[in-house]
Student: 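Encoded as structure tokens, here's the structure I'll be asking about.
None of the values given here were measured: they were computed from a predicted structure. Every number for a ligand or one of its atoms is a count from 1 in the order of the listing.
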Amino acid sequence: MDSKIQVAVLGGGSFGTAIANIIAVNGHRTFLWMRDGQNAEQCQSSRENSKYLPGYQLTQSLQITADLAEAVAGTDLVFVSIPSHSFRQVTRQVRTLLKPDAIVVSTAKGIEPVGFTLMSQILEQELPEHDIGVLSGPNFAKEIVAAQHTGTVIASESERVFDCVQRTLRSETFRVYANTDRGGVELGGALKNIYAIICGMAAALGAGKNTQAMLLTRSLAEMGRFAGVMGANPMTFLGLAGVGDLILTCTSDLSRNYRVGYSLGQGQPLDEVVSGLGQVAEGVNTLRQVKQKADDMGVYMPLVSGLYSVLFERRAIADVVRELMLGEQSYDVEYIGQSHGQ
Ligand SMILES: NC(=O)C1=CN([C@@H]2O[C@H](COP(=O)(O)OP(=O)(O)OC[C@H]3O[C@@H](n4cnc5c(N)ncnc54)[C@H](O)[C@@H]3O)[C@@H](O)[C@H]2O)C=CC1
Ligand SMILES: O=C(CO)COP(=O)(O)O
């Protein structure tokens, strides 16, 4: 049996383009769908996505189109690489176009505001007949297209999804691990964006390595605590989609969320920073949603609360930092608990 399949990637931004290119290089018939016809034509003829990944040559066999029906008809595997604010709208458009047995995988790292809905829950709601999954990990699009050795995670309840995604994406430079904790993997990808903003801000303010290490570690503690209450497995946060992506995004200015934080730390106003970015930084909206949810569920998230009060309540960063440092001192690793920790 021919192991080559037909794949569609929806969303012609940085990540959609990078992932579609890997799959086409692997020899699968691959369509990259972008909504703007002129952009699609220009990328198809120049073999470059000059807006999102300038300077990177896309492989000849990748077919770039603005025709959604052409992109998904006959497709075995679909990646939805659309930012969270438009994810449902695009998913809805493909409902009647997909083959009944097509697998659908989200690559978005955000949360829908209404009802705190994760992207894979949108897939469940909009495409209930399909096997679904989530792809997440420390994966800068620019490094993927530059063939840097990269690892990622496919999360799903279905063996069929693991098997298909691992076989389709695997290459000499791209490695795919499996995880059955879909919610944990997805929350890891969304939550780390908040902490990337904090770490960018800290860097702009001259934070040293002690501060960076404390921030990263306490961020991980907060993420695991929140996800645990949401029903995820805190152990997922020891994997690539948890601590892996947290380290990546919190330590590099290739991250848009980190860059948002850096500019805020330099004193620029939030609306200017966000409108000047020209690309999606999911962390700003995720912060609003996580703060609300944490308050509703009574989850202790001092870093989330601190960033929220700087961004949306106009509190001075220095005051918030002082308060965080002088707050109640607690246990290092809360899973060890008081009785073992003493
Ligand atoms: N860039 C990266 O390194 C990574 C990004 N991600 C996640 O993937 C998702 C997409 O991110 P990027 O590709 O980086 O974003 P981007 O900002 O580079 O591109 C977003 C793309 O979505 C398209 N889009 C937006 N609304 C649309 C709509 N209603 N209909 C059709 N297309 C629409 C835009 O035209 C653009 O092509 C985000 O949730 C992000 O967090 C995940 C892993 C890595
Ligand atoms: O998720 C990412 C890398 O894994 C990309 O992060 P940014 O969205 O902050 O650029």
Side-chain angles (χ1 to χ4, degrees), residues 8-22 32-40 42-43 49-54 56 64-68 71 79-94 105-112 118-120 122 134-146 148 150-154 169 174 185-186 188-200 240-263 273-274 277-287:
V9 179
L10 310 183
S14 1
F15 196 67
T17 305
I19 214 85
N21 196 55
I22 301 183
L32 173 62
W33 174 78
M34 46 181 77
R35 63 181 155 174
D36 185 292
Q38 248 183 341
N39 273 350
Q42 209 257 326
C43 294
N49 186 339
S50 54
K51 177 164 182 204
Y52 291 104
L53 290 172
Y56 293 100
I64 304 164
T65 178
D67 181 339
L68 191 57
F79 290 92
V80 186
S81 218
I82 301 285
S84 57
H85 58 75
S86 300
F87 191 95
R88 186 184 291 276
Q89 182 203 328
V90 172
T91 304
R92 238 176 225 167
Q93 288 177 53
V94 296
V105 174
S106 161
T107 81
K109 293 177 174 172
I111 297 162
E112 194 180 52
L118 301 176
M119 297 302 108
S120 70
I122 296 180
V134 167
L135 192 80
S136 192
N139 298 160
F140 284 140
K142 280 192 175 140
E143 294 200 358
I144 292 174
V145 287
Q148 292 285 345
T150 298
T152 198
V153 179
I154 175 67
L169 279 175
F174 202 77
V185 164
E186 202 161 17
L191 292 171
K192 60 83 188 171
N193 288 329
I194 298 175
Y195 302 103
I197 297 175
I198 296 175
C199 288
L240 281 170
V243 69
D245 207 3
L246 182 72
I247 292 172
L248 181 83
T249 323
C250 289
T251 59
S252 167
D253 62 7
L254 277 184
S255 158
R256 295 155 301 187
N257 288 287
Y258 180 96
R259 292 205 299 273
V260 164
Y262 198 93
S263 301
V273 172
V274 169
L277 197 64
Q279 292 191 25
V280 67
E282 297 265 18
V284 177
N285 283 325
T286 305
L287 172 66

Student: Apply the side chain to side chain contact (heavy atoms under 4.5 Å, CB included) test between L10 and each candidate in L32, V90, T91; give the one that qualifies.
Tutor: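 When side chain to side chain contact (heavy atoms under 4.5 Å, CB included) is applied between L10 and each of L32, V90, T91, only V90 qualifies.
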Student: Looking only at side chains, do T152 and N139 share a donor and an acceptor under 3.5 Å apart?
Tutor: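 N139 and T152 do have a side-chain donor-acceptor pair below 3.5 Å.
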Student: What I'd like to find out is whether the side chain of T251 reaches to under 4.5 Å of the side chain of C199, using heavy atoms alone.
Tutor: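 Contact flag for T251/C199 side chains = no.
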Student: Which of the atoms in ligand 2, numbered in the order shown and given with their element, are less than 4.0 Å from a heavy-atom of D245?
Tutor: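 Taking each heavy atom of D245 in turn, ligand 2 has 3 (C), 4 (O) under 4.0 Å.
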Student: Please tell me whether E143 and T150 have a donor and an acceptor in their side chains that are separated by less than 3.5 angstrom.
Tutor: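 Short answer, no.
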Student: For ligand 2, is there an N or O atom under 3.5 Å from any N or O atom of L248?
Tutor: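 For ligand 2, there is no N or O atom that lies under 3.5 Å from one belonging to L248.
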Student: Exactly one of R88, E112, K109 should register a side chain to side chain contact (heavy atoms under 4.5 Å, CB included) with M119. Which one does?
Tutor: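 Exactly one candidate clears the test, E112.
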Student: Using the side chain to side chain contact (heavy atoms under 4.5 Å, CB included) definition, which of the options L169, I154, V134 pairs with V105?
Tutor: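 Of the listed options, the one satisfying the test is I154.
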Student: What's the separation between atom CG in L191 and atom CD in E186, rounded to the nearest 0.5 Å?
Tutor: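 So the CG of L191 and the CD of E186 are separated by 10.5 Å.
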Student: Show me which atoms of ligand 2 lie under 4.0 Å from any heavy atom of N139.
Tutor: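 Reading through ligand 2 atom by atom, the close ones are 3 (C), 4 (O).
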Student: Is the closest heavy atom of S14 to ligand 2 under 4.0 Å?
Tutor: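 No; S14 lies far enough from ligand 2 that no heavy-atom distance drops under 4.0 Å.
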Student: Testing the basics here: between K142 and Y56, what is the closest heavy-atom pair and its distance to 0.1 Å?
Tutor: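 Taking K142 first and Y56 second, the nearest heavy atoms are O-OH, 3.7 Å.
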Student: How does T249 reach ligand 2, by side chain, by backbone, by both or by neither, if only non-hydrogen atoms under 4.0 Å count?
Tutor: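 Contact part for T249 vs ligand 2: side chain (C-beta onward).
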Student: Tabulation required: pairs of a nitrogen or oxygen in ligand 1 and a protein nitrogen or oxygen under 3.5 Å; columns are atom names and distance to 0.1 Å; otherwise 'none'.
Tutor:
{"unit_1": "ligand 1", "atom_1": "1 (N)", "unit_2": "R256", "atom_2": "NH2", "d": "3.1"}
{"unit_1": "ligand 1", "atom_1": "3 (O)", "unit_2": "N139", "atom_2": "O", "d": "3.2"}
{"unit_1": "ligand 1", "atom_1": "3 (O)", "unit_2": "A141", "atom_2": "N", "d": "2.9"}
{"unit_1": "ligand 1", "atom_1": "8 (O)", "unit_2": "T107", "atom_2": "O", "d": "3.4"}
{"unit_1": "ligand 1", "atom_1": "13 (O)", "unit_2": "S14", "atom_2": "N", "d": "3.2"}
{"unit_1": "ligand 1", "atom_1": "13 (O)", "unit_2": "F15", "atom_2": "N", "d": "3.0"}
{"unit_1": "ligand 1", "atom_1": "14 (O)", "unit_2": "S14", "atom_2": "OG", "d": "3.3"}
{"unit_1": "ligand 1", "atom_1": "14 (O)", "unit_2": "R256", "atom_2": "NH1", "d": "2.8"}
{"unit_1": "ligand 1", "atom_1": "14 (O)", "unit_2": "R256", "atom_2": "NH2", "d": "3.0"}
{"unit_1": "ligand 1", "atom_1": "17 (O)", "unit_2": "V280", "atom_2": "N", "d": "3.0"}
{"unit_1": "ligand 1", "atom_1": "18 (O)", "unit_2": "S14", "atom_2": "N", "d": "3.0"}
{"unit_1": "ligand 1", "atom_1": "18 (O)", "unit_2": "S14", "atom_2": "OG", "d": "2.7"}
{"unit_1": "ligand 1", "atom_1": "26 (N)", "unit_2": "S86", "atom_2": "OG", "d": "3.4"}
{"unit_1": "ligand 1", "atom_1": "29 (N)", "unit_2": "S86", "atom_2": "OG", "d": "3.4"}
{"unit_1": "ligand 1", "atom_1": "35 (O)", "unit_2": "R35", "atom_2": "NE", "d": "3.4"}
{"unit_1": "ligand 1", "atom_1": "35 (O)", "unit_2": "R35", "atom_2": "NH2", "d": "3.3"}
{"unit_1": "ligand 1", "atom_1": "37 (O)", "unit_2": "G13", "atom_2": "N", "d": "3.1"}
{"unit_1": "ligand 1", "atom_1": "39 (O)", "unit_2": "K109", "atom_2": "N", "d": "2.9"}
{"unit_1": "ligand 1", "atom_1": "39 (O)", "unit_2": "E282", "atom_2": "OE2", "d": "2.7"}

Student: Looking at ligand 2, does any of its N/O atoms fall within less than 3.5 Å of an N/O of R256?
Tutor: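 In this structure, R256 places an N or O atom under 3.5 Å from an N or O of ligand 2.
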Student: Out of all atoms in ligand 2, which are within 4.0 Å of some heavy atom of S255? Include the element for each.
Tutor: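 It comes down to these atoms of ligand 2: 7 (P), 9 (O), 10 (O).
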Student: Among all protein heavy atoms, pick the one closest to atom 6 (O) of ligand 2 and tell me residue, atom and distance.
Tutor: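 Sorting protein heavy atoms by distance from atom 6 (O) of ligand 2 puts K192 NZ, 3.4 Å first.
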Student: Number the atoms of ligand 2 from 1 as they appear, then name those within less than 4.0 Å of a heavy atom of K109, with their elements.
Tutor: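 Once the distances to K109 are compared, the set is 1 (O), 2 (C), 3 (C), 4 (O).
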Student: Which atoms from ligand 2 have a heavy atom of G137 less than 4.0 Å away?
Tutor: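 In order of numbering, the contacting atoms are 4 (O).
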Student: Evaluate the criterion side-chain contact (heavy atoms from CB on, under 4.5 Å) for residue pair S86 and R35; output intermediate values, then yes/no.
Tutor: CA-CA 12 Å; S86 300; R35 63 181 155 174; 5.6 Å; no
Student: Using a 4.0 Å cut-off to any heavy atom of N257, which atoms of ligand 2 qualify?
Tutor: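 Close to N257: 7 (P), 8 (O), 9 (O).
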Student: Given 3.5 Å as the limit, does a donor-acceptor pair link the side chain of T286 with the main chain of E282, or not?
Tutor: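 Yes, T286 side chain to E282 backbone: donor-acceptor pair under 3.5 Å.
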Student: Does a donor on one side chain and an acceptor on the other come within less than 3.5 Å for T107 and S81?
Tutor: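 The answer is yes; a qualifying pair exists.
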